[in-house]
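Residue numbers count from 1 along this sequence.
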Amino acid sequence: MKPTEQLERLQQRAPGAFEDLILEYQDRVVGTCYRFVHNRQDAEDLAQEVFLEVYQSVGGFRGQSRLSTWIYRIAVTKSLDFIRRKNRKKRLGQVKRLLGFEDQAAEVLFEASDDPGPQEILEEKERRALLYCALETLPESQKVAMLLHKMQQLSTVEVAEIMGITRVAVESLLHRGRKRLADYLMRYYHKKT
């Protein structure tokens, strides 16, 4: 089905149109939200909010961007709003959950096909936790660009559409974000030696 047909079906509230949309985008929306909030349950709750907003707002969507871009934009906005509502103590709790495997989705992040030993698993957990801590130090725009481009594997053009900025601006955010992450990681490892 063409994207324009899908949009028309959604706007006309055609039977099954919204269910088809959820089936098509649910995993991607949950994944996007998870990259920001680091908790599977919170990501699933946010995905429900995203689809509720899509359902309520699709009549006003004019198709100036692709439907998928609009959905990603809503997911990013909902995720960032969620993070803003949380206080600093809860952010530290997210890292502890990552280290403590309280979240099943976090366990999957650390699985490897070659059946690593306990030491390798621990090292990988520490690397991922450090990366998430480093990402939290980035300004919001750099963090969003990095998460969408590197972890969601979206192109710079797609990230630009979602963020409502130019591709050049996205490339600049990615460049500055990589530099800040590298500086953070170098300081961290320098302290350990």
Side-chain angles (χ1 to χ4, degrees), residues 1-86 94 103-106 108-109 128 131-132 135-136 138-178 181:
M1 172 185 325
K2 293 180 182 177
T4 53
E5 292 174 17
Q6 184 180 32
L7 179 58
E8 287 173 14
R9 288 185 67 230
L10 287 165
Q11 290 176 330
Q12 296 168 0
R13 307 279 192 218
F18 192 67
E19 290 82 1
D20 291 344
L21 179 85
I22 291 173
L23 285 174
E24 183 177 347
Y25 288 98
Q26 184 169 14
D27 289 343
R28 288 185 267 179
V29 169
V30 170
T32 298
C33 295
Y34 182 82
R35 297 286 188 214
F36 286 91
V37 300
H38 313 296
N39 178 284
R40 182 75 178 177
Q41 185 61 49
D42 290 340
E44 288 173 355
D45 291 346
L46 285 168
Q48 287 181 2
E49 290 180 30
V50 169
F51 287 115
L52 180 61
E53 179 151 338
V54 168
Y55 182 79
Q56 293 171 339
S57 304
V58 73
F61 179 66
R62 300 289 171 238
Q64 295 167 331
S65 63
R66 292 182 309 190
L67 183 62
S68 61
T69 300
W70 182 59
I71 293 169
Y72 270 120
R73 189 176 298 139
I74 293 170
V76 168
T77 301
K78 294 278 184 197
S79 298
L80 292 174
D81 288 346
F82 175 85
I83 290 169
R84 286 183 194 113
R85 288 190 304 261
K86 294 187 83 157
Q94 291 171 348
D103 187 355
Q104 271 189 341
V108 172
L109 286 174
R128 288 198 183 265
L131 179 58
Y132 283 125
L135 282 168
E136 291 298 320
L138 295 178
E140 187 174 280
S141 58
Q142 290 175 14
K143 178 181 173 183
V144 170
M146 294 291 287
L147 287 171
L148 292 174
H149 184 63
K150 296 297 182 187
M151 296 191 170
Q152 289 298 112
Q153 299 180 349
L154 298 176
S155 71
T156 54
V157 172
E158 292 170 314
V159 174
E161 289 176 10
I162 291 167
M163 294 182 72
I165 59 178
T166 66
R167 181 186 56 78
V168 173
V170 169
E171 289 171 353
S172 177
L173 289 172
L174 291 171
H175 175 74
R176 291 193 318 259
R178 280 191 294 268
L181 286 176

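- A perpendicular orientation is assigned to the rings of Y55 and F18, their planes being inclined by more than 60° (bins at 30° and 60°).
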Inset, instruction - Check the pair L52, Q48 against side-chain contact (heavy atoms from CB on, under 4.5 Å), reporting the backbone distance first and the verdict last. - result: CA-CA 6 Å; L52 180 61; Q48 287 181 2; over 6 Å; no
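- The side chain to side chain donor-acceptor pair (under 3.5 Å) analysis of residues 162-172, with sequence neighbours excluded, yields the pairs R167-E171, S172-R176.
- To the nearest 0.5 Å, atom CG of residue L154 and atom OH of residue Y72 are 5.0 Å apart.
- To the nearest 0.5 angstrom, D42 atom CG is 6.5 Å from L46 atom CG.
- With rounding to the nearest 0.5 angstrom, the CD1 atom of I165 is 5.0 Å from the CG atom of L173.
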Inset, instruction - Could you walk me through whether W70 and S57 pass side-chain contact (heavy atoms from CB on, under 4.5 Å), step by step? - result: CA-CA 11 Å; W70 182 59; S57 304; 3.9 Å; yes
Inset, instruction - Give the C-alpha distance, both sets of side-chain angles, the deciding distance and a yes or no for side-chain contact (heavy atoms from CB on, under 4.5 Å) between M163 and V144. - result: CA-CA 8 Å; M163 294 182 72; V144 170; 3.9 Å; yes
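- Taking all atoms of both residues into account, the shortest heavy-atom contact from A47 to V30 is CB-CG2, 3.6 Å.
- To the nearest 0.5 Å, atom CD1 of residue I162 and atom OG1 of residue T77 are 10.0 Å apart.
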I'd like a table of donor-acceptor pairs (distance under 3.5 Å, sequence neighbours excluded) in which one partner is a side-chain atom from residues 22-29, with atom names and distances.
residue, atom, partner, partner atom, Å
E24, OE1, Q6, NE2, 3.0
R28, NH2, E24, O, 3.2

Legend entry - Criterion side-chain contact (heavy atoms from CB on, under 4.5 Å) on F82 and D45, from CA distance to verdict: CA-CA 10 Å; F82 175 85; D45 291 346; over 6 Å; no
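- Using a 4.5 Å cut-off on side-chain heavy atoms (C-beta onward), V170 and H149 make no contact.
- Residue pairs satisfying the salt bridge (Lys or Arg N to Asp or Glu O under 4.0 Å) criterion with at least one member in residues 51-65, sequence neighbours excluded, are listed as follows: E53-K78.
- Heavy-atom minimum distance, R40 versus Y34: N-CE1, 3.5 Å.
- Annotation: side chain of T32 is not in contact with side chain of V50 (no heavy-atom distance under 4.5 Å).
- Atom CZ in R9 sits 10.0 Å away from atom CG in L21 (nearest 0.5 Å).
- Contacts of E140 classified as salt bridge (Lys or Arg N to Asp or Glu O under 4.0 Å), with partners at least two apart in sequence or in another chain: R84.
- In this structure R66 satisfies the salt bridge (Lys or Arg N to Asp or Glu O under 4.0 Å) test together with E158, E161, sequence neighbours excluded.
- Shown here for L138 and G177, the closest heavy-atom pair between the two residues is CD2-O, 3.8 Å.
- Rounded to the nearest 0.5 angstrom, R73 CZ and L148 CG are separated by 11.0 Å.
- Residues meeting the salt bridge (Lys or Arg N to Asp or Glu O under 4.0 Å) test with E49, sequence neighbours left out: none.
- In terms of modelled atom types and a separation under 3.5 Å, the side chain of Q152 and the main chain of L147 share no donor-acceptor contact.
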